[in-house]
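First listed ligand is number 1; within each ligand, the first listed atom is number 1. Bear in mind the structure is a predicted one, so any value in this text is a computation, not a measurement.
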Amino acid sequence: MEGKFIVFEGVDGSGKSLMARMAKEYILEEKGYSLDKVVLTQEPTNSFFGRQARDLQKTDKNPLKNAEKCFDLYVKDRLNHLRYLIEPALQMNKIVLCDRYKYSTFVYQSLQGINEKKIIEMHETMRIPDLILVFDVRARIALERIGNRGTLEKFEEKEFMEKVSRGFSGIKIHFKKENIKIIDAEKPAEKVFEEVKKELKQII
Ligand code: TYD
């Protein structure tokens, strides 16, 4: 069995985190991997940088503020994540399921005003995932789902979320050589997961 790096992306409320958890269960139960061979992780992480990014997001209500600072923190957090968790796990032939990766930076931080080319350049040396699943939902539906979870954070304002949602829908244009699959995530979870399973079967 060979290591694989699989990324789950989408706007807040797209259901990506649920799909990542379901994917983990599926790989363990139906694909027969042992618990130590499957890693479920997320960005921002709990590192010093990741925690700062999260804090900024909680205290700062305007999505357009602190763009450079956010960008810097997300990139540093990702480098740290790759170095200490993702790369070592892949070297041990593990399956790494990662909730958010560079595509989130591309969508959110370019909307915050960071140059797209600069974002791409900062990620040039970072590992390209074996599979990127992008959960595609309209902002209205995502907001309904988040609404049921409680308080809103800075990137959860309707107009901004519409832009984020469109950003993810069109993400393939910016990463043409990468294995990105856009998944219709407006359907019920079991139906969405059928699509996820189809894609997982191609690589695992
Ligand atoms: P989210 O997955 O919603 O975390 P939580 O489990 O705390 O709800 O991610 C937190 C937010 O961080 C989300 O609104 C998107 C934002 N984000 C960026 O803006 N850029 C990035 O590179 C990453 C990884 C996240």
Side-chain angles (χ1 to χ4, degrees), residues 5-24 40-83 85-86 96-116 118-124 126-129 132-137 139 141-169 171 174-175 178 180 185:
F5 182 28
I6 304 168
V7 165
F8 295 75
E9 285 279 9
V11 67
D12 306 75
S14 61
K16 63 181 172 42
S17 308
L18 174 64
M19 290 301 133
R21 288 196 300 274
M22 288 172 79
K24 181 178 176 183
L40 175 57
T41 184
Q42 69 179 82
E43 292 185 2
T45 72
N46 267 326
S47 75
F48 172 71
F49 307 113
R51 285 200 311 271
Q52 263 186 287
R54 264 180 212 284
D55 285 350
L56 210 57
Q57 203 163 281
K58 289 220 163 72
T59 49
D60 188 7
K61 292 294 172 202
N62 177 0
L64 300 178
K65 253 178 82 181
N66 285 317
E68 286 290 348
K69 192 157 182 208
C70 282
F71 177 58
D72 182 57
L73 289 170
Y74 286 122
V75 169
K76 286 191 174 133
D77 185 43
R78 183 160 303 122
L79 284 167
N80 204 66
H81 197 198
L82 281 161
R83 180 165 179 198
L85 192 141
I86 299 172
V96 178
L97 306 170
C98 188
D99 185 345
R100 294 197 187 280
Y101 189 55
K102 64 176 179 178
Y103 315 92
S104 280
T105 304
F106 187 83
V107 171
Y108 288 88
Q109 274 62 60
S110 70
L111 283 172
Q112 277 189 297
I114 306 293
N115 181 272
E116 290 182 351
K118 181 173 164 188
I119 301 177
I120 302 259
E121 275 167 21
M122 290 301 276
H123 289 88
E124 245 157 31
M126 296 190 212
R127 182 181 281 265
I128 296 170
I132 306 104
L133 300 171
V134 175
F135 295 89
D136 192 19
V137 288
I141 311 257
L143 264 169
E144 271 172 28
R145 293 180 183 167
I146 301 174
N148 301 330
R149 288 207 299 244
T151 51
L152 297 187
E153 290 184 5
K154 85 165 172 182
F155 291 147
E156 298 176 349
E157 189 259 326
K158 178 120 196 284
E159 245 171 76
F160 190 75
M161 275 186 62
E162 271 161 7
K163 291 182 188 157
V164 171
S165 166
R166 282 199 292 276
F168 277 118
S169 302
I171 193 82
H174 304 281
F175 298 91
E178 303 191 15
I180 299 179

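- Tested against Glu43, the residues Lys102, Lys76, Arg78 include a single salt bridge (Lys or Arg N to Asp or Glu O under 4.0 Å) partner, Arg78.
- A salt bridge links Glu162 to Lys158: one of the charged nitrogens lies within less than 4.0 Å of a carboxylate oxygen.
- For atom 14 (O) of ligand 1, the closest heavy atom belonging to the protein is Asp12 OD2, 3.0 Å.
- Two residues are said to be in side-chain contact when any heavy atoms from C-beta on lie closer than 4.5 Å; Arg21 and Asp99 fail this criterion.
- Remark: minimum distance from atom 25 (C) of ligand 1 to any protein heavy atom is reached at Tyr74 CE2, 3.6 Å.
- Of the heavy atoms in Glu9, none comes closer than 4.0 Å to ligand 1.
- The protein non-hydrogen atom at the shortest distance from atom 2 (O) of ligand 1 is Arg100 NE, 2.8 Å.
- Atom 15 (C) of ligand 1 has Tyr108 CZ, 3.5 Å as its closest protein atom, hydrogens excluded (heavy atom only).
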#### Entry: Candidate pair Lys16 and Met19, rule side chain to side chain contact (heavy atoms under 4.5 Å, CB included), full reasoning
CA-CA 5 Å; Lys16 63 181 172 42; Met19 290 301 133; 5.6 Å; no
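- Distances between N or O atoms of Arg54 and those of ligand 1 include at least one value under 3.5 Å.
- At a threshold of 4.5 Å between non-hydrogen side-chain atoms, the residues Gln52 and Asp77 do not count as touching.
- Nearest to atom 22 (O) of ligand 1 among the protein's heavy atoms is Thr105 OG1, 2.5 Å.
- At a distance under 4.0 Å, no protein heavy atom can be found next to atom 8 (O) of ligand 1.
- If you look at Tyr101 and Phe5, their ring centroids are closer than 6.0 Å.
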### Message
Pair His81, Ser47 - check side chain to side chain contact (heavy atoms under 4.5 Å, CB included), show working.
### Response
CA-CA 8 Å; His81 197 198; Ser47 75; over 6 Å; no
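- For atom 11 (C) of ligand 1, the closest non-hydrogen atom of the protein is Gln57 NE2, 3.1 Å.
- Phe168 and Tyr108 have perpendicular rings, their planes meeting at more than 60° on a 0 to 90° scale where under 30° would count as parallel.
- The atoms of ligand 1 that sit less than 4.0 Å from any heavy atom of Glu43 are 24 (C).
- No donor-acceptor pair under 3.5 Å is formed between the side chain of Asn66 and the backbone N or O of Lys69.
- Remark: distances from the non-hydrogen atoms of Arg78 to ligand 1 include one below 4.0 Å.
- Given atom 20 (N) of ligand 1, the protein heavy atom at minimum distance is Gln109 OE1, 2.7 Å.
- Residue Lys16 approaches ligand 1 through these ligand atoms, each under 4.0 Å from one of its heavy atoms: 2 (O).
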